[in-house]
Chemist: 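Just dropping this structure here.
Chain identifiers are assigned alphabetically (A, B, ...) following the order of the sequence lines, protein sequences preceding nucleic acid strands; residue numbering begins at 1 within each chain.
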Number of protein chains: 2
Amino acid sequence: MNLPPLLQSFVLHFGEMGSRWGINRTVGQIYALLYASSKPLCADDIVEALSISRSNVSMSLRELQAWNLVILKHIPDDRRDYFTTPDDVWQILRTLAEERKKREVDPTLSVLRELLMQTPGSEEERHAQARLAEMQTLIEQLTKWYDDVKHLETEQLATLLNLGAKVTRLLDAKDRIVSLGRRRTEPKTP
Amino acid sequence: MNLPPLLQSFVLHFGEMGSRWGINRTVGQIYALLYASSKPLCADDIVEALSISRSNVSMSLRELQAWNLVILKHIPDDRRDYFTTPDDVWQILRTLAEERKKREVDPTLSVLRELLMQTPGSEEERHAQARLAEMQTLIEQLTKWYDDVKHLETEQLATLLNLGAKVTRLLDAKDRIVSLGRRRTEPKTP
DNA sequence: CTCTAATTTCAGAAATTACTGAAATTTATG
DNA sequence: CATAAATTTCAGTAATTTCTGAAATTAGAG
């Protein structure tokens, strides 16, 4: 591996974290490299930068493409494929969320739904179903929130983040204001 | 493995998903089993239920304890250790979020901070730093939101989830109400 | 259509991770 | 403190995942 020290540290870190994030070392390293590079790289650039085999690069790029984390670019008068990551980190976040949901949450939700359709054959199964139902409810609440929020523009999303827990206070304030308004016009409503 | 069919399907699914979630099969299976069981289980119960070795159970339980996902219980006049998961799925969610943040996000944030302290030695490094800075900003916004929201009670958290994107509309409404109020008392403020 | 560059596929090797059984250690009890 | 039950450790093995090099395929230029 022959990279500027800063880039190398970043790439190595992403490689190490890869396993915790459920991707492998090479995929993590390639993503980090593409993310931090100032221009698109072709497969052979990656082979050289990371000292790994050409076929490994090919398979890892395919994996990154399956995750929609990488963009294919073409350079005039050059038949090779060049790759970058999207510029906008918020867009990257959205993609990551979408793909992880698809791979890590949706299959579980569908298993839960299926198992909750069954008629329990014993007290033990009846209890298990009750627990699965709790899990299902939680996951559905979370995904419903996600489906709602994912359409927001970056600016609105940032606003929502900055609000954080203040939202609940805001909600209280709104309730007070509304009920105040109501009291003025409809004084007899509870 | 000798379990009621429903429980078995659930356990096997968690085992399979394990790799995507960054835990191994056995750990996933044991968690699922404990989660869905109506009473605490001891190590030998798990050995029998999942047909795996006693030492594997021991190591996997240790792993689950490191994640704070499992509770150690004692039954009177029985020296064996019994295990369950917390009852409250919201509490489980909180624990999961906290542990994943600790393992998957914090180390990256600390690497980013360190690399952004360095003086870039080339134009390529300067560009890389700019990209790392974008990533850092995003992660810090997200973790700031998380730190804010994690203290909320379950009920408030559920409220926040139910609001979803409506928060931004609510915020607009509040702005209008406030500026309306201001106009009445301070008509010359822009 | 032919030639060549670029990319992909895939069988096997290498590396890593998970699992087991035996031995060691810890813990509770009389 | 001796004993037995429960649990943990760990070295070796099994299973899985990752990676490579060679061969096959695809795509572009002439």
Chemist: Classify every nucleotide of nucleotides 3-14 of chain C by which part a protein heavy atom approaches to under 4.0 Å, writing B for the base, S for the sugar-phosphate alone and - for neither, in 5'-to-3' order.
Modeler: --BSSBBB----

Chemist: Side chains of Gln136(B) and Arg113(B), heavy atoms from C-beta outward: is any pair under 4.5 Å?
Modeler: yes

Chemist: What's the CG-P distance between Asn56(B) and dT7(D), to the nearest Å?
Modeler: 15 Å

Chemist: Any side-chain heavy atom of Leu61(B) sitting closer than 4.5 Å to one from Ile46(B)?
Modeler: yes

Chemist: State, yes or no, whether a side-chain contact exists between Val11(B) and Leu6(B) at a heavy-atom distance under 4.5 Å.
Modeler: no

Chemist: Decide yes or no on side chain to side chain donor-acceptor pair (under 3.5 Å) for Tyr35(A) and Glu134(B), but give the supporting numbers first.
Modeler: CA-CA 11 Å; Tyr35(A) 176 83; Glu134(B) 287 177 60; 4.9 Å; no

Chemist: Classify the ring geometry between Trp21(B) and His13(B) as parallel (under 30°), tilted (30 to 60°) or perpendicular (over 60°).
Modeler: perpendicular

Chemist: Which residues within residues 21-41 of chain A lie with some heavy atom under 4.0 Å of an atom in DNA chain C?
Modeler: none

Chemist: Indicate yes or no: at least one non-hydrogen side-chain atom of Arg25(B) is less than 4.5 angstrom from one of Glu16(B).
Modeler: no

Chemist: So do the side chains of Tyr31(B) and Val27(B) get within less than 4.5 Å of each other, counting heavy atoms only?
Modeler: no

Chemist: With a 4.5 Å cut-off on side-chain heavy atoms, are Arg20(A) and Pro107(B) touching?
Modeler: yes

Chemist: Quickly work out the Asp45(B) CG to dT7(D) C1' distance and round it to whole Å.
Modeler: 15 Å

Chemist: In whole angstrom, what separates Ile52(B)'s CD1 from dA18(C)'s P?
Modeler: 13 Å

Chemist: In whole angstrom, what separates Met1(B)'s CE from dC19(C)'s C1'?
Modeler: 14 Å

